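Report on one structure; see the data block that follows.
A quick note: this is a predicted structure, and the numbers were derived from the prediction, not measured. Throughout, protein chains are lettered first and strands after them, A, B, ... in sequence-line order, and every chain is numbered starting at 1.
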Number of protein chains: 2
Amino acid sequence: MRLATVLVGASTRAAAGDDDGWVVLDERDAQALIAEPGWRVRVEAALHDRERVRLEPEAFLTPMPRPAKVLCCGLNYRDHIVETGRAVPEYPTLFAKFADTLTGPVDDIVVHDTERLDWEAELVVVVGAEVHRATRDEARAAILGYTVSNDISMRDWQQRTLQWVQGKAFDGTTPVGPVVVTADAVEPREGLRITCAVNGETMQDGNTRELVFDAADLLAYVSQITRLRPGDLILTGTPGGVALGMPEPRWLRDGDIVTTAIEGIGELRNTVRFE
Amino acid sequence: MRLATVLVGASTRAAAGDDDGWVVLDERDAQALIAEPGWRVRVEAALHDRERVRLEPEAFLTPMPRPAKVLCCGLNYRDHIVETGRAVPEYPTLFAKFADTLTGPVDDIVVHDTERLDWEAELVVVVGAEVHRATRDEARAAILGYTVSNDISMRDWQQRTLQWVQGKAFDGTTPVGPVVVTADAVEPREGLRITCAVNGETMQDGNTRELVFDAADLLAYVSQITRLRPGDLILTGTPGGVALGMPEPRWLRDGDIVTTAIEGIGELRNTVRFE
């Protein structure tokens, strides 16, 4: 099953889809939908009963618009770690973003006061149930599904101090979407190709089977620290190929089109705008 | 003026006070109060008209219960920086906590799975108006007031990776309160004594005049990155005297009483409990 938040006229609605297309639901967004007990049975009924509609790519918004917690994992792709000569980490490196950091799958990424703007294609884990101090199996059962993100980074701000958040949390700079594919329909551990292209040129080309800490690992780990709830997000880190790793970095420029895709989930297409 | 969130019977209420005592208001907490236009005039009228009540220390809860953003500044006390031989930083070191990280001014601090639990007395800036890409003067005008916090830190978790948040954001471990003193009534730049004692023994004894980045600096800086709104919090860093800085650290133990105070604002008194 696929879940989304879509624009219908002037308002937003939850939508559910499968291979036959989409149905628009009554809830204002996918986060409101999954907060309701019994939502899955009702959505399955709607997919059976309701008329299918075609939704244009421009209709899709960020699926979970107000997560209370957005946690991100740093260095987490085994091939990229080996490539950079580092040791495989014992613990996940975590930092936070805010709900305000997120933007939609086709929105412009509007930035200011940065000269070192970089891309980071990432798999996102969407939390589907309250989870606190969970085992790996409990965490796995609490995963609603997966979506795509680009952890756009202001490297100059990120590297001003030891802590990264100021280069990672500019408002409206992290696209997330376009859909959440539920965990019964996709398994990142089995290997999903993850790519980022700039103006059509592939910059990152990784595979989610290379994750050191997978979705269940990360959710279980974070849940030792803080309780997560439906709609909270965990960004799982990026594979090799970011500008920062180039001998002569090719930073993002005004007008660049960043395309971020994960096989079997979906694609983001965002244009960079400098204010 | 002082603002608080207090327990009245089984529910919570906003309260306002001055030298003559407290009045209990109709709003459910101080954050709901300050979100309303014209709240200040109404509170001043209530302080003039309503009957004063006496509130026990146990009645005070964390004043802003659901900030969307809690930003914290690292190394920020000039005397402590000089003492440790570091250079005075050009930019503030920022990290984030969550609303769930906060707890009340007399609540137990309940922790688990840590062997290196430390204290960090901190001045908190409480945001009173929406603020985005503000100048220092605009930021200054958007400060509601100040309160007290202790950025209790799980040093073992904090030092597992380069990013600190996992050692700083255990649920319910950062006491904040007991009151917000409005910015017209107190000026940290003029110098407020800030202390932390463990079981009555003073461990930290600093002064807010030593802040490298003061309240307006930090709010203006953070507002370049993300829009802040009424009730959001900025923790401004801690002076010297934490356990981590001791040749033989005296980590917090089960039953320890941590008292955190800022002159002219108030005092937190929390007992540490290991689960």
Distance in Å, [X] [atom1] paired with [Y] [atom2], rounded so as to fall on 0.5 Å steps:
| X | Y | atom1 | atom2 | value |
| --- | --- | --- | --- | --- |
| B:F95 | A:Q166 | CZ | CD | 12.5 Å |
| A:H132 | B:D171 | NE2 | CG | 5.0 Å |
| B:Y91 | A:W157 | OH | CH2 | 8.0 Å |

Is the number of heavy atoms from other residues, nucleotides or ligands under 6.0 Å of A:L162 CG greater than 12?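 Open: at most 12 neighbouring heavy atoms sit under 6.0 Å from CG of A:L162.
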
Check whether more than 12 heavy atoms from other residues, nucleotides or ligands sit under 6.0 Å from atom CZ of A:R140, and answer yes or no.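 Not more than 12 within 6.0 Å, no.
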
If you count heavy-atom pairs within less than 4.5 Å of chain B, which of A:A169, A:A96, A:G74 leads?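 Greatest number of close heavy-atom pairs with chain B: A:A169.
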
Under the criterion side chain to side chain contact (heavy atoms under 4.5 Å, CB included), I'd like the reasoning laid out for A:D100 against B:K69: C-alpha separation, chi angles, the key distance, then a yes or no. CA-CA 10 Å; A:D100 279 345; B:K69 292 171 191 150; 2.5 Å; yes

Let me know if [X] has heavy atoms under 4.5 Å from chain A in its side chain, its backbone, both or neither.
| X | answer |
| --- | --- |
| B:Q224 | both |
| B:F170 | both |
| B:P89 | neither |
| B:R66 | neither |

Which residues in residues 225-236 of chain B have a heavy atom less than 4.5 Å from any heavy atom of chain A?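 B:I225, B:T226, B:R227, B:R229, listed by number.
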
Can you tell me which of B:K97, B:M154, B:R133 forms the most heavy-atom pairs within a distance under 4.5 Å of chain A?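 The residue among B:K97, B:M154, B:R133 with the greatest pair count is B:R133.
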
Identify the heavy atoms of B:L94 and A:T161 that sit nearest to each other, and give their distance.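 The answer is N-OG1, 4.5 Å.
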
Heavy-atom pair with the smallest gap, counting every atom of B:F98 and A:L71: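 The answer is CZ-CD2, 3.4 Å.
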
A:Q163 and B:Q163: side chain to side chain contact (heavy atoms under 4.5 Å, CB included), yes or no, with the steps? CA-CA 6 Å; A:Q163 299 300 297; B:Q163 299 300 296; 3.5 Å; yes

Measure distances from A:A68 to the heavy atoms of chain B and classify the residue's part below 4.5 Å as side chain, backbone, both or neither.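 When you check distances to chain B, only backbone atoms of A:A68 fall under 4.5 Å.
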
